[in-house]
J.: 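Let me begin by handing over the structure; questions about it come next.
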2 protein chains.
Amino acid sequence: MSKGLKTKELILKEAFAKAGEVGLSGLTIGDLSSTLGMSKSGLFAHFQSKENLEVAVLDWTRAKFARTVLGPALKHPRGEPRLRAFFDNWITWIETETIGKGGCLIVGASIEYDDRPGVVRDSLLSLHQELQNSITRMVHACIEEGHFSAEVDPEQFAFELYSLILGFHHFSRMLGDEKSLQRLRQSFETLMKHGKTYEQ
Amino acid sequence: MSKGLKTKELILKEAFAKAGEVGLSGLTIGDLSSTLGMSKSGLFAHFQSKENLEVAVLDWTRAKFARTVLGPALKHPRGEPRLRAFFDNWITWIETETIGKGGCLIVGASIEYDDRPGVVRDSLLSLHQELQNSITRMVHACIEEGHFSAEVDPEQFAFELYSLILGFHHFSRMLGDEKSLQRLRQSFETLMKHGKTYEQ
DNA sequence: TTAATAAAAGCACGAACGTTCGTATTTGTC
DNA sequence: GACAAATACGAACGTTCGTGCTTTTATTAA
């Protein structure tokens, strides 16, 4: 790996950490460069624009999420085991990478960019679509494997699961509710149970 | 009402609308003043600081929410009718004041300020605590009136309800999912049904 | 070791930010 | 209608922002 790529990696790692605190658009090249002990223009040259830097941070985050959350879950058997592994990995991700570190970069960026068209929003949208697809596929597998009732709506399940994640983020970070994790887990179990014994 | 207060009211109304798009900290005195056709310093004099302006916007929003969502719900009978009225009013609020208008100011501000101590965060925290208390009380009333099982945990219910609101906000604004409202309503019904026939 | 290339630095720019200050104008009261 | 108080204005301040140049230093391949 060339010197340039190594430096770029260091920059993105630092930018990922900082963006959780100040948001993606809250990143500044000046602050980032001084933290890393380099010049503004030197750092700037790696990305050619602030916007490119933000997209690069999103790509970097996406890759890391795939490597630490999605990937390992795929090693578990299709259906409920894989879905549960994914959920557990996700919680670990949230606890180690977001809560206590300024919040989740993706959650923040989604609020910032949900009405600002451009390449950042495009990248964010594609990230979210992929995430929803992953969840939906796993729920669908639960049905095929006979772990869930055939009447379960995978997209509705994905909607509720992501909602709970957002709620957990809010209750633990904004309200400082120490029971948030417990609440998240309990709601997830309710969701799973409802998946098995569907009735309505 | 004096001239000064009328102007202040106009400023806050405009600031409320704009903060949904750019966030609370994204408000700028220059932009706000030029939109309203007045000078920066003239507008500034009403609040003495940017921070005070942000707190004023939060107070204004809180009052409006109480007037249009919470207040009318209190006219309905205790228990399920009131809870449903509150939920319906909330949806109307979201549709008329947030979705399609740059997003919810409160949701955005919570992300911005969840790790920035100060008077803005204090104000936000108190707002959220009051909201959670209101929901919890209504659910508790559902139990007392016999509409809900006594085993229902009102705080868990409030957690799930707010999570769904956040999810709805995300799916409709970020993903542009046209079924978001339908999903929100369906999940709410599941939540209500679970409240009635509690089992676990 | 040298030559070509990549990476980083130095410096400056225009614009936008919140804020301050002195002054002008409008409002409300007697 | 006079006069104090409230309200608004215009200009300027010090900072910080992203970005564009030119020059210097470090890396890489022949």
Side-chain angles (χ1 to χ4, degrees), chain A residues 1-16 18-58 60 105 108-109 112-113 116-121 123, chain B residues 1-16 18-19 21-58 60 102 105 108-109 112-113 116-121 123:
Chain A
M1 193 195 268
S2 72
K3 174 77 195 311
L5 286 182
K6 284 182 188 170
T7 306
K8 200 166 183 174
E9 184 70 18
L10 288 176
I11 295 171
L12 289 173
K13 187 176 176 184
E14 178 62 27
F16 168 80
K18 200 153 286 184
E21 304 172 20
V22 298
L24 201 56
S25 61
L27 286 173
T28 72
I29 294 172
D31 177 68
L32 221 42
S33 62
S34 75
T35 298
L36 293 165
M38 62 187 297
S39 68
K40 273 176 68 174
S41 50
L43 192 149
F44 181 82
H46 281 275
F47 304 96
Q48 291 85 43
S49 78
K50 170 80 187 308
E51 195 176 50
N52 285 349
L53 166 63
E54 298 184 21
V55 172
V57 173
L58 284 181
W60 194 88
L105 155 60
E112 294 178 56
Y113 282 99
R116 288 164 62 177
V119 289
V120 178
R121 202 205 122 96
S123 176
Chain B
M1 198 198 284
S2 71
K3 174 80 192 318
L5 285 183
K6 282 181 189 170
T7 307
K8 201 166 182 174
E9 185 69 17
L10 287 177
I11 295 171
L12 289 174
K13 187 176 177 183
E14 178 62 26
F16 168 80
K18 199 153 283 182
E21 304 172 19
V22 298
L24 201 56
S25 62
L27 287 173
T28 72
I29 294 173
D31 176 69
L32 223 41
S33 61
S34 76
T35 298
L36 293 166
M38 62 187 297
S39 66
K40 275 175 68 176
S41 50
L43 192 151
F44 182 84
H46 281 276
F47 304 96
Q48 291 84 45
S49 78
K50 171 82 187 309
E51 194 176 49
N52 285 351
L53 165 64
E54 298 186 20
V55 172
V57 173
L58 284 181
W60 194 88
L105 154 62
E112 294 179 55
Y113 282 99
R116 288 165 63 178
V119 290
V120 178
R121 201 204 123 95
S123 177

J.: Identify, with sequence neighbours excluded, every residue that meets salt bridge (Lys or Arg N to Asp or Glu O under 4.0 Å) alongside Lys13(B).
T.: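 Scan of Lys13(B) (salt bridge (Lys or Arg N to Asp or Glu O under 4.0 Å), adjacent residues dropped) gives none.
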J.: On DNA chain C, compare the nucleotides closest to Glu51(B) and Met1(B); which residue's is nearer the 5' end?
T.: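 Result: Glu51(B).
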J.: For nucleotides 4-11 of chain C, read 5' to 3', which letter fits each nucleotide if B means a protein heavy atom sits under 4.0 Å from the base, S means only the sugar-phosphate is that close, and - means neither?
T.: ---SSBB-
J.: For Tyr113(A), check ring pair (Phe, Tyr, Trp, His ring centres under 6.0 Å) against everything at least two apart and list the hits.
T.: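 Scan of Tyr113(A) (ring pair (Phe, Tyr, Trp, His ring centres under 6.0 Å), adjacent residues dropped) gives none.
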J.: Base, sugar-phosphate, or nothing: which does Leu27(B) touch, judged by heavy atoms less than 4.0 Å apart?
T.: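 Since only primed, P, OP1 and OP2 atoms lie under 4.0 Å of Leu27(B), the category is sugar-phosphate.
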J.: Quick one: salt bridge (Lys or Arg N to Asp or Glu O under 4.0 Å) pairs with a partner in residues 23-37 of chain A, sequence neighbours left out?
T.: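 Sorted result for residues 23-37 of chain A: Lys18(A)-Asp31(A).
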J.: Need two values: the first and the last nucleotide of DNA chain D, 5' to 3', having an atom under 4.0 Å from any heavy-atom of chain A.
T.: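 Footprint of chain A along DNA chain D, 5' to 3': dC17(D) to dT28(D).
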J.: Sequence neighbours left out, what passes side chain to side chain contact (heavy atoms under 4.5 Å, CB included) with Glu51(A)? Give chain and number order.
T.: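 Expected list: Ser49(A), Val119(A), Val120(A).
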J.: Using the side chain to side chain contact (heavy atoms under 4.5 Å, CB included) criterion, which residues pair with Thr7(A)? Sequence neighbours excluded.
T.: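 With neighbours one apart ignored, the set is Lys3(A), Ile11(A), Met38(A), His46(A).
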J.: Could you work out, with ring pair (Phe, Tyr, Trp, His ring centres under 6.0 Å) as the rule, every residue matching Phe44(A), not counting sequence neighbours?
T.: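 Ring pair (Phe, Tyr, Trp, His ring centres under 6.0 Å) check on Phe44(A) returns nothing, list empty.
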J.: Glu112(A) side chain to Ser25(A) main-chain N or O, any donor-acceptor pair under 3.5 Å?
T.: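 Yes.
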J.: Sequence neighbours left out, what passes side chain to side chain contact (heavy atoms under 4.5 Å, CB included) with Leu10(B)? Give chain and number order.
T.: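 Residues passing side chain to side chain contact (heavy atoms under 4.5 Å, CB included) with Leu10(B): none at all.
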